Amino acid sequence: MPLTAAQDIADLLNETRTIALVGISDRPDRPSYGVMKTLQDHGYRVLPVNPQIAGEHVHGEFVWDRLSDIGVRIDMVDIFRRSEAAGAVVDQAIAAGAKSVWMQLGVIDADAAARAEAAGLKVVMDYCPAIEIRRLGLAPIAAD
């Protein structure tokens with residue numbers, strides 16, 4: 001079952017350090033752009049992924065074409081894609097060795113969530129980490 005309890009979500013956010021944000025936009029009016037900045041300001045390393053703008057930079061970070069190109073440990077994959085596209089991203093997150101997948105508000109794919117959980121990943125679905133950080137009053141992440 002995807003995580004829904006406040007303490008479970010808080011624990012996941014507190015143990016996460018590196019987030020791959022799939023579906024980043026370079027447009028300031030898009031939610032993914034603001035969420036990435038909020039996550040960075042909270043102390044996370046956020047690695048943006050979007051094949052349409054790969055090679056560019058968003059909030060000072062190089063934009064990757066796909067998860068498999070990143071080459072560093074990914075704690076969480078934050079999915080800013082339509083529900084229909086979430087399953088493919090979850091499969092890539094599993095293959096990349098991520099520890100968790102987080103499907104943004106409105107992104108729901110129960111089958112993909114079940115695959116992730118079967119592979120040992122923690123799953124959050126239909127929540128926003130930026131909103132949860134504020135709602136739960138989480139302290140910024142300290143550098144390791």
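FYI, side chains are in, hydrogens and waters are out, and symmetry mates aren't considered; it's all heavy atoms of this structure. All values reported here derive from a predicted model rather than from experimental measurement.
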Determine, stepwise, if the pair Asp26 / Glu56 fulfils side-chain contact (heavy atoms from CB on, under 4.5 Å). CA-CA 9 Å; Asp26 58 356; Glu56 297 179 25; 3.3 Å; yes
Go through it in stages, so that I can follow the logic: the residues are Leu47 and Thr18, the test is side-chain contact (heavy atoms from CB on, under 4.5 Å), and I'd like the CA-CA distance, side-chain angles, deciding distance and then a yes or no. CA-CA 8 Å; Leu47 304 167; Thr18 303; 3.7 Å; yes
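Leu105 and Val90 are not part of a single hydrophobic cluster, where members link through side-chain heavy atoms under 4.5 Å apart. Under the 4.5 Å side-chain heavy-atom criterion for grouping Ile, Leu, Val, Met, Phe, Trp and Tyr, Met125 is not connected to Ile131 through any hydrophobic cluster. Side-chain heavy atoms closer than 4.5 Å link hydrophobic residues (I, L, V, M, F, W, Y) into clusters, and following such links, possibly through other members, connects Ile19 to Tyr33. When hydrophobic clusters are built by joining Ile, Leu, Val, Met, Phe, Trp and Tyr residues whose side-chain heavy atoms come closer than 4.5 Å, directly or via intermediates, Val46 is grouped together with Leu138. No continuous path of ILVMFWY side-chain contacts below 4.5 Å connects Leu3 to Val77, so the two sit in separate hydrophobic clusters.
With rounding to the nearest 0.5 angstrom, the CZ atom of Arg135 is 4.0 Å from the CD atom of Glu132. In this structure, Arg45 CZ and Arg73 CZ are separated by 12.0 Å, a value rounded to the nearest 0.5 Å. Rounded to the nearest 0.5 Å, atoms CE (Met103) and CD1 (Ile108) are 9.5 Å apart. Leu13 CG to Asp8 CG: the interatomic distance, rounded to the nearest 0.5 Å, is 11.0 Å. Separation of atoms CD1 (Ile133) and NE2 (His42) is listed at 4.5 Å; rounding is to 0.5 Å. Annotation: the span from Asp78 atom CG to Leu21 atom CG amounts to 4.5 Å, rounded to 0.5 Å.
Side-chain contact between Ile74 and Lys99 is absent, with no heavy atoms from C-beta onward closer than 4.5 Å. No side-chain heavy atom of Val124 sits less than 4.5 Å from a side-chain heavy atom of Pro2. Put simply, the side chain of Leu12 reaches to within 4.5 Å of the side chain of Met76, judged on heavy atoms. Residues Leu67 and Val49 meet the side-chain proximity criterion, which asks for heavy atoms closer than 4.5 Å. At least one side-chain heavy atom of Val58 sits less than 4.5 Å from a side-chain heavy atom of Met36. Under the 4.5 Å side-chain criterion, counting only non-hydrogen atoms from C-beta, Thr38 is in contact with Arg134. Looking at heavy atoms from C-beta onward, Val35 lies in side-chain contact with Phe80 at the 4.5 angstrom threshold. At a threshold of 4.5 Å between non-hydrogen side-chain atoms, the residues Ile24 and Ile53 count as touching.
Counting only distance, with no hydrogens or angles, the side chain of Glu117 and the backbone of Met1 share a donor-acceptor pair below 3.5 Å. Side-chain N or O atoms of Ser83 include one that pairs as donor or acceptor with a backbone N or O of Gly106 at under 3.5 Å. The backbone N or O of Leu121 lies less than 3.5 Å from no partner atom in the side chain of Ser100, so there is not a single donor-acceptor pair.
Nearest heavy-atom pair across Ala116 and Ile94 is CA-CD1, 3.8 Å. Residues Ser25 and Arg27 approach most closely at OG-N, 3.0 Å, considering heavy atoms. Pairing each heavy atom of Val107 with each of Ala86, the nearest pair is CG1-CB, 3.8 Å. Between Gly87 and Asp109, the shortest heavy-atom contact is N-OD2, 3.6 Å. For Asp69 against Trp64, the heavy-atom pair with the smallest separation is O-CZ3, 3.3 Å. When every heavy atom of Thr16 is checked against every heavy atom of Tyr44, the shortest pair comes out as O-CE2, 3.2 Å.
With a 6.0 Å radius and a threshold of 12 heavy atoms from other residues, nucleotides or ligands, Gln52 has its CD atom at or below the threshold.
Ring geometry for Trp102 against Tyr127 counts as perpendicular: the plane angle is over 60°, on a 0 to 90° scale with 30° as the lower cut.
Ion pairing between Asp111 and Arg115 fails under the 4.0 Å rule for side-chain N and carboxylate O.
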